[in-house]
Number of protein chains: 2
Amino acid sequence: MTAAQRREQEKVTYDAFLRECPSRQLLDRLSDKWVALVLAALAEGGSMRYSELARRLAGVSQKMLTQTLRALERDGLVTRTVTPTVPVTVEYDLTPLGASLHAVVRHLKGWAEAHMDDVRTAREEYDARSA
Amino acid sequence: MTAAQRREQEKVTYDAFLRECPSRQLLDRLSDKWVALVLAALAEGGSMRYSELARRLAGVSQKMLTQTLRALERDGLVTRTVTPTVPVTVEYDLTPLGASLHAVVRHLKGWAEAHMDDVRTAREEYDARSA
DNA sequence: CGGGATCCGCACGGATACTG
DNA sequence: CAGTATCCGTGCGGATCCCG
């Protein structure tokens with residue numbers, strides 16, 4: 001039992017370590033389905049309004065869009081500017097930090113476009129072999 | 001109703017587009033909680049056995065570890081070598097493709113280590129403001 | 001040792017309705 | 001227009017048991 005308990009403790013410690021790990025946190029952010037899309041939309045289109053984003057990312061629920069934007073704003077990656085017209089106008093834009101993150105994401109995109117064909121053929125071979 | 005139906009259709013089309021998108025697929029892979037960790041472990045430690053990986057990534061369930069390894073093998077990112085000793089020995093290693101992906105992931109890690117402090121302080125400010 | 005199969009909880013995301 | 005609040009289904013991942 002003592003061995004099992006030690007294992008348990010190690011897992012907890014490792015989990016804590018992972019929560020602290022900056023890379024892990026970044027990965028968790030990016031894995032949010034819409035983060036990369038929002039980043040790309042804002043990087044390409046400049047500052048955009050809520051409804052523009054909603055239209056651009058067809059398929060996103062407003063709940064997810066809001067949630068994503070709040071998270072990005074909280075992380076200092078986008079700015080949210082409210083103009084008190086009637087009705088209200090809200091503009092979203094990338095911060096320099098957000099723009100730099102987008103640059104990194106574009107590296108990912110680059111790898112994807114360069115190598116995903118290899119991955120695809122690997123998959124087909126694998127599936128054919130196991131069939 | 002026709003407008004709503006058109007919206008629906010647009011969403012379906014966009015969803016299909018996203019499924020085809022190489023970057024999206026890559027992001028989906030990386031977002032799997034353990035993929036990056038396995039990549040890092042193999043890149044650092046060279047070829048490793050199943051139980052070595054399990055020990056190194058304390059906290060992973062064997063189901064997830066197996067699932068992750070299968071997915072990576074299917075994508076041609078790692079090799080799985082079975083040596084029919086008694087009991088069986090299974091070695092996992094990175095393919096060149098897997099190694100190149102790991103290089104990209106390390107860029108992410110670089111960004112994370114360089115900027116996550118900014119993110120952290122941004123969060124604290126945000127939380128303080130909303131409190 | 002290196003898994004496969006199964007059951008199960010719960011958290012994440014979608015749909016809907018309402019508001020300033 | 002730009003959200004907030006609420007309900008709800010399901011799918012991901014953990015735990016457990018078993019096998020070659």
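So that the names make sense, note that chain A is the first sequence line, chain B the second, and so on, each numbered from 1. FYI, side chains are in, hydrogens and waters are out, and symmetry mates aren't considered; it's all heavy atoms of this structure.
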Chemist: Start with the C-alpha gap between A:Glu125 and A:Arg129, add the side-chain angles, then the distance that decides, and say whether salt bridge (charged side-chain N to carboxylate O under 4.0 Å, His left out) holds.
Modeler: CA-CA 6 Å; A:Glu125 280 180 29; A:Arg129 228 175 298 132; 3.8 Å; yes

Chemist: Closest approach to the side chain of B:Tyr92, judged atom by atom: which nucleotide of D:dG13, C:dG3, D:dA2 is it?
Modeler: C:dG3

Chemist: Closest nucleotide of DNA chain D for A:Gln62 versus for B:Met64: which of these residues is on the 5' side?
Modeler: A:Gln62

Chemist: For A:Gln67 and C:dG13, what is the distance between atoms CD and C1' respectively, to the nearest whole Å?
Modeler: 8 Å

Chemist: Rounded to whole angstroms, how far apart are NZ on A:Lys63 and C1' on C:dC18?
Modeler: 16 Å

Chemist: Any idea how B:His107 and A:His107 line up, ring-wise: parallel (<30°), tilted (30 to 60°), or perpendicular (>60°)?
Modeler: parallel

Chemist: Does this structure show an ion pair linking A:Asp127 with B:Arg74, if we count only N-O contacts that are shorter than 4.0 Å?
Modeler: yes

Chemist: Separation of A:Leu69 atom CG from D:dA2 atom P, in whole Å?
Modeler: 11 Å

Chemist: Heavy atoms under 4.0 Å, any strand shown: does A:Val88 hit a base, just sugar-phosphate, or nothing?
Modeler: base

Chemist: Check whether any side-chain N or O of B:Arg49 sits under 4.0 Å from OP1 or OP2 of C:dC1, and answer yes or no.
Modeler: no

Chemist: C:dG2, OP1 or OP2 - any side-chain N/O from B:Ser51 closer than 4.0 Å?
Modeler: yes

Chemist: Please state how far atom CE in A:Met48 lies from atom P in D:dA2, giving the value in whole angstrom units.
Modeler: 11 Å

Chemist: Establish, with yes or no, whether the OP1 or OP2 oxygen of D:dG3 is under 4.0 angstrom from a side-chain nitrogen or oxygen of A:Arg80.
Modeler: yes

Chemist: Round to a whole Å and report the spacing from CH2 of A:Trp34 to C1' of C:dC12.
Modeler: 14 Å

Chemist: Identify, between A:Asp32 and A:Pro87, the residue whose nearest nucleotide on DNA chain C lies closer to the 5' end.
Modeler: A:Asp32

Chemist: Counting just side-chain N and O atoms, does A:Arg70 come under 4.0 Å of either OP1 or OP2 of D:dT4?
Modeler: yes

Chemist: When you check the side-chain N and O atoms of A:Glu91 and A:Ser47, is any donor under 3.5 Å from an acceptor?
Modeler: yes

Chemist: Please confirm whether the shortest side-chain N or O distance from B:Thr89 to OP1 or OP2 of C:dC1 is below 4.0 Å.
Modeler: no

Chemist: Indicate whether OP1 or OP2 belonging to C:dG4 is found under 4.0 Å from a side-chain N or O atom of B:Tyr50.
Modeler: no

